[in-house]
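Numbering of ligands and ligand atoms starts at 1, following listing order.
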Amino acid sequence: MTLPHCTVVDHPLVQHKLTLMRDKETPTSEFRRLLKEIAALLAYEVTRELPMKDVSVETPVEPTTAQKLDGKKMALISILRAGNGLLDGVMELIPSARVGFVGLYRDPETLQPVQYYFKVPEALDERMVIAVDPMLATGNSSAAAIDLLKEAGATNIRFLCLLAAPEGVQRMKEAHPDVPIVTASIDSHLNDHGYIVPGLGDAGDRLYGTK
Ligand code: URA
């Protein structure tokens, strides 16, 4: 089974938690907890096609054949800084995954993403790589982060976000058609400041209480 280019997880639990996160009155501690919970639910979807293998197991009743993950190595890559909010929830579900970080900022003059940090696990080419960033807005920094991961050897990449703008989904489709996106919602559009509408504001600020 192959994931489509963009999957919206419309499960009631995900949508309920997302609505609470959109509310501007939701405090930082609650926002952080909700993001972690949704991350675990989205992780189910993004890992849907992990290969399985048959193993023998003895239950208290009788021997049987059952399925286990087929030893696929995984790497979770957080796109700083808001990615760390999603990372925490995904790590709880996949504790054996290796973890990396990509830091990008937008140059105020060229408006292009500039790398300031890059630390990823070795042998990315042998791993399923899940890049996480809550907000897929213009898609410029997400596409640049995926470029860096591909330069580092990754060939099997998925992108996990909480909210996407149609512009960001399109940008990613053009730049990286081989990277499936999993999200909880594709919102209406981007405003003049590059914020997702209706969105939830600045995910990093809401996650860390910096505004
Ligand atoms: N980044 C955010 O944190 N929020 C947006 O709406 C867009 C980009």
Does even one non-hydrogen atom of Gly199 get within less than 4.0 Å of ligand 1?
no
Sub-4.0 Å heavy-atom contact, Gly201 with ligand 1
yes
Do side-chain atoms of [X] reach the backbone of [Y] as a donor and acceptor pair under 3.5 angstrom?
X: His11; Y: Leu13; result: yes
X: Glu126; Y: Ala154; result: no
X: Thr26; Y: Leu20; result: yes
X: Asp187; Y: Gly199; result: yes

Counting both backbone and side chain atoms, is some N or O of Met135 under 3.5 Å from an N or O of ligand 1?
no
Shortest protein contact, atom 7 (C) of ligand 1 (heavy atom only):
Gly194 O, 3.4 Å
Can you tell me the protein heavy atom closest to atom 8 (C) of ligand 1 and the distance?
Ala137 CB, 3.7 Å
With a 3.5 Å cut-off and no angle check, do the side chains of Asp54 and Thr65 form a donor-acceptor pair?
no
Closest non-hydrogen atom pair, Val57 against Ala66
CG1-CB, 4.0 Å
Would you mind running through ligand 1 and noting each atom that sits below 4.0 Å from a heavy atom of [X]?
X: Asp202; value: 2 (C), 3 (O), 4 (N)
X: Ala203; value: 2 (C), 3 (O)
X: Ile196; value: 5 (C), 6 (O), 7 (C)

